[in-house]
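For reference, positions follow the sequence shown, starting with 1. Quick caveat: nothing in here was measured; it's all calculated off a predicted structure.
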Amino acid sequence: MHDLAAIRPATAADIPAMVGLLGRLFAIEVDFAFSPERQQRGLELLLAAPQAMVLVAETAGGGVVGMATAQQLISTAEGGPALLVEDLVVALDWRGQGIGTALLDELAAWGQGLGATRMQLLADRTNAPALHFYRQRAWQETPMVCLRKFLKGEKVQ
């Protein structure tokens, strides 16, 4: 068992470690290509956005071994705020210790403080371990389908 110090809001100093974690995540997601420059830019934008939360899981030694991001959106279905969880990733050798759950719980607490009544996320259909993780934590699949369209011809791949 490893020694985890804290789940805390990320800072700009955490960006290199978070980019590394996103590289591992995007390696298994067929819809996304890893681009350190894009991921760094996205994290910088999230850290500056008041409607976003970026969390890291930090070890007692100060290393970042997990991260999660969420953004507030307004849901007409809910009649108020909802959260879109964009990223959740924990380093392989730190999995199974409750870090992913703790990150999601912190995002949920932040969302509840905003008045959000729902969290949602996208998961790769072929990522069986992730789907199992979410199902064990009472996340429900919906019959909805994710659609996307690249603007200005910008396809990332």
Does any non-hydrogen side-chain atom of [Y] lie less than 4.5 Å from one of [X]?
{"X": "L121", "Y": "Y134", "result": "yes"}
{"X": "L103", "Y": "E106", "result": "no"}
{"X": "F150", "Y": "R148", "result": "yes"}
{"X": "D105", "Y": "T101", "result": "yes"}
{"X": "V19", "Y": "L43", "result": "yes"}
{"X": "E44", "Y": "I15", "result": "yes"}
{"X": "D14", "Y": "T11", "result": "yes"}

Is there a continuous path of hydrophobic side-chain contacts, each under 4.5 Å between heavy atoms, that joins [X] to [Y]?
{"X": "L84", "Y": "L25", "answer": "no"}
{"X": "L104", "Y": "W94", "answer": "yes"}
{"X": "L114", "Y": "M53", "answer": "yes"}

If I compare all heavy atoms of [X] with all of [Y], which pair ends up nearest, and what's the gap?
{"X": "A17", "Y": "V64", "value": "CB-CB, 3.7 Å"}
{"X": "V56", "Y": "M18", "value": "CG1-SD, 3.6 Å"}
{"X": "L88", "Y": "A68", "value": "CD1-CB, 3.8 Å"}
{"X": "S75", "Y": "A82", "value": "CB-CB, 4.0 Å"}
{"X": "G115", "Y": "P81", "value": "O-CD, 4.0 Å"}

If you measure only the distance, is there a donor-acceptor pair under 3.5 Å linking the side chains of T69 and E86?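 Side chains of T69 and E86: no pair found under 3.5 Å.
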- Query: Side chains of R118 and Q120: is there a donor and an acceptor less than 3.5 Å apart?
  - Reply: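 There is such a pair (donor and acceptor under 3.5 Å, judged by atom type) between the side chains of R118 and Q120.
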### Backbone N/O of G63 and side chain of T59: donor-acceptor pair under 3.5 Å
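Indeed, once roles are kept as given, a pair shorter than 3.5 Å links the two residues.
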message: For S35, is there any backbone N or O sitting under 3.5 Å from a side-chain donor or acceptor partner on Q39?
response: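 Such a contact is found between Q39 side chain and S35 backbone.
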Practice task
Enter the distance from D87:CG to L21:CG here, rounded to the nearest 0.5 Å.
Solution key: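 Interatomic distance, D87 CG to L21 CG, rounded to 0.5 Å: 10.0 Å.
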Got a second to check how far Q40's CD is from L22's CG, nearest 0.5 Å?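 Between Q40 CD and L22 CG, I get 11.5 Å after rounding to 0.5 Å.
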_Heavy-atom count check: over 12 atoms from other residues, nucleotides or ligands less than 6.0 Å from R8 CZ?_
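Correct, the count exceeds 12.
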Criterion side chain to side chain contact (heavy atoms under 4.5 Å, CB included) on L83 and Q71, from CA distance to verdict
CA-CA 6 Å; L83 294 186; Q71 299 172 61; over 6 Å; no
Evaluate side chain to side chain contact (heavy atoms under 4.5 Å, CB included) for W139 paired with V85, printing each intermediate quantity in order. CA-CA 12 Å; W139 286 73; V85 176; 4.2 Å; yes
**OP:** Show the numbers, then the answer: is there a side chain to side chain contact (heavy atoms under 4.5 Å, CB included) between V90 and M67?
**Re:** CA-CA 7 Å; V90 175; M67 64 169 288; over 6 Å; no
